[in-house]
> 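My structure is below; once you've seen it, I'll send some questions.
The basis for the numbers below is simple: all heavy atoms, side chains too, and nothing from hydrogens, waters or symmetry mates.
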Amino acid sequence: MSIKTRLAANILNSGGVVSLPTDTVQGLSCLPFDHALIRLIELKRRSTNKGLILLTSDIKYVETYVKDVELLKQIKPTNTPTTYIVKASRNTSSLLLGGHDTVAIRLTNNQLIKDLCTMTRSALVSTSANISGQKTAKSVLKLRVYFKDQLDYIIAPVVTDINPSAIVNLHTGEKLR
């Protein structure tokens with residue numbers, strides 16, 4: 001693993017917020033600790049009524065956040081980014097849920113996310129790298145414009161034309177996007 005990846009993992013483990021390329025867009029990420037979630041939400045100027053996504057390389061990292069762990073067996077790795085909506089467990093932070101009783105989970109093949117999940121032994125909270133209502137940053141310069149020096153670490157964006165993930169309700173099978 002690269003030095004950048006190790007540094008990002010150390011920062012995440014210490015409660016930091018980093019920007020990194022995900023399987024869809026440049027994201028802002030932290031570990032699912034309330035103090036890190038509060039900081040991430042404040043950086044984005046995002047409503048606490050909006051939920052956040054958990055990116056994971058392995059279902060084991062999200063089991064504690066879902067009510068019915070058996071349902072997670074339906075999630076299989078895919079080349080098409082797909083976010084699954086699942087009923088949340090009682091101990092899942094309301095900051096992660098955004099006023100809903102469900103949590104959003106995406107199992108990813110992205111090597112950087114896989115490495116960070118392994119190194120932190122956790123799923124990563126993720127949201128697009130922007131101020132709420134603005135376009136997602138596609139350069140380090142745009143990240144600096146949005147967030148000044150408030151991010152703890154940046155792994156430079158990888159410019160891609162990937163569409164947003166599909167969204168599926170895992171309980172009903174309904175495709176929401």
Side-chain angles (χ1 to χ4, degrees), residues 1-48 50-65 77 81-84 92-98 103-165 167:
M1 283 176 231
S2 74
I3 291 172
K4 288 181 183 182
T5 304
R6 288 184 182 148
L7 183 55
N10 287 338
I11 290 167
L12 289 166
N13 275 328
S14 66
V17 176
V18 301
S19 180
L20 50 89
T22 71
D23 54 345
T24 56
V25 297
Q26 185 71 11
L28 296 182
S29 290
C30 66
L31 294 186
F33 306 133
D34 277 355
H35 63 280
L37 289 165
I38 289 167
R39 189 152 166 256
L40 181 128
I41 291 165
E42 288 174 350
L43 281 169
K44 277 191 62 93
R45 299 180 211 149
R46 181 182 173 108
S47 168
T48 54
K50 289 181 146 186
L52 298 161
I53 295 172
L54 286 173
L55 293 180
T56 187
S57 61
D58 193 311
I59 294 304
K60 69 183 178 186
Y61 296 128
V62 294
E63 289 176 343
T64 187
Y65 303 101
T82 304
T83 301
Y84 295 93
T92 303
S93 172
S94 61
L95 295 170
L96 187 61
L97 304 179
V103 62
I105 296 168
R106 187 162 68 238
L107 181 64
T108 179
N109 290 324
N110 177 286
Q111 192 59 52
L112 175 60
I113 304 300
K114 286 176 144 186
D115 291 344
L116 289 171
C117 288
T118 298
M119 295 177 79
T120 62
R121 295 185 179 109
S122 177
L124 305 181
V125 174
S126 185
T127 184
S128 56
N130 62 334
I131 302 297
S132 286
Q134 302 294 316
K135 291 185 178 185
T136 301
K138 293 184 178 181
S139 69
V140 173
L141 177 61
K142 194 64 170 182
L143 287 165
R144 298 265 187 236
V145 168
Y146 284 156
F147 303 109
K148 313 293 185 250
D149 61 353
Q150 297 176 70
L151 296 174
D152 297 310
Y153 193 63
I154 296 171
I155 297 178
V158 177
V159 180
T160 61
D161 289 323
I162 297 175
N163 293 323
S165 72
I167 301 175

> Which pair of non-hydrogen atoms, one from Leu43 and one from Ile131, has the smallest distance, and what is that distance?
O-CD1, 3.4 Å

> What distance do Asn110 atom CG and Ser57 atom OG have between them, rounded to the nearest 0.5 Å?
10.0 Å

> Decide yes or no for Pro164 and Val25: does some side-chain heavy atom of the first lie under 4.5 Å from some side-chain heavy atom of the second?
no

> Which heavy-atom pair separates Ala36 from Val17 by the least distance, and what is that distance?
O-CG2, 4.1 Å

> Closest heavy-atom contact between Gly16 and Cys30?
O-CB, 3.6 Å

> Checking side-chain contact (heavy atoms from CB on, under 4.5 Å) between Val62 and each of Leu107, Val103, Ile105, which is the one that passes?
Ile105

> I need the full list of salt bridge (Lys or Arg N to Asp or Glu O under 4.0 Å) pairs touching residues 108-120, with sequence neighbours left out, sorted by first then second residue.
none

> Under a 4.5 Å cut-off applied to non-hydrogen side-chain atoms, are Leu31 and Val125 in contact?
no

> Is there a side-chain contact between Pro21 and Pro157 (heavy atoms, below 4.5 Å)?
no

> With ring-ring contact (aromatic ring centres under 6.0 Å, His included) as the rule and sequence neighbours excluded, what pairs involving residues 26-45 come up?
Phe33-His35

> For residues 10-30, which residue pairs pass the ring-ring contact (aromatic ring centres under 6.0 Å, His included) check, not counting sequence neighbours?
none

> Any chance you could lay out the side chain to side chain contact (heavy atoms under 4.5 Å, CB included) test for Thr48 and Ile38, step after step, and finish with the verdict?
CA-CA 9 Å; Thr48 54; Ile38 289 167; over 6 Å; no

> Looking at every heavy atom in both Ala123 and Leu54, which two are closest together, and how far apart are they?
CB-CD2, 4.1 Å

> Would you compute the distance between atom CD of Glu63 and atom CG of Asp58 and round it to the nearest 0.5 angstrom?
8.0 Å

> Show every side-chain hydrogen bond (donor to acceptor under 3.5 Å, both in side chains) that has at least one partner inside residues 8-23, sequence neighbours left out.
Ser19-Gln26, Thr22-Thr24, Asp23-Arg106, Asp23-Thr108

> Going by heavy atoms in the side chains, are Leu52 and Arg46 under 4.5 Å from each other?
yes

> Taking C-beta and beyond as the side chain, do Ile155 and Val18 meet within less than 4.5 Å on heavy atoms?
no

> At what distance, to the nearest 0.5 angstrom, does OG of Ser2 lie from CD of Gln111?
10.5 Å

> Using a 4.5 Å cut-off on heavy atoms from C-beta on, say whether the side chain of Ser122 contacts that of Pro32.
yes

> Would the distance check show the side chain of Ser128 and the main-chain N or O of Asn130 forming a donor-acceptor pair, the cut-off being under 3.5 Å?
no

> State, to 0.1 Å, how close Leu37 and Leu96 come at their nearest heavy-atom pair, and which atoms those are.
CD1-N, 4.2 Å

> Which heavy-atom pair separates Leu116 from Ala9 by the least distance, and what is that distance?
CD2-N, 3.6 Å

> Give me each pair satisfying salt bridge (Lys or Arg N to Asp or Glu O under 4.0 Å) with a member in residues 32-45, each pair once, sequence neighbours excluded.
Arg39-Asp152

> Show every donor-acceptor pair shorter than 3.5 Å between a side-chain atom in residues 144-151 and any protein atom, with sequence neighbours excluded, or say none if there are none.
from: Tyr146; atom 1: OH; to: Lys135; atom 2: N; distance (Å): 3.4
from: Tyr146; atom 1: OH; to: Lys135; atom 2: O; distance (Å): 2.5
from: Lys148; atom 1: NZ; to: Val145; atom 2: O; distance (Å): 2.9
from: Gln150; atom 1: NE2; to: Phe147; atom 2: O; distance (Å): 3.4

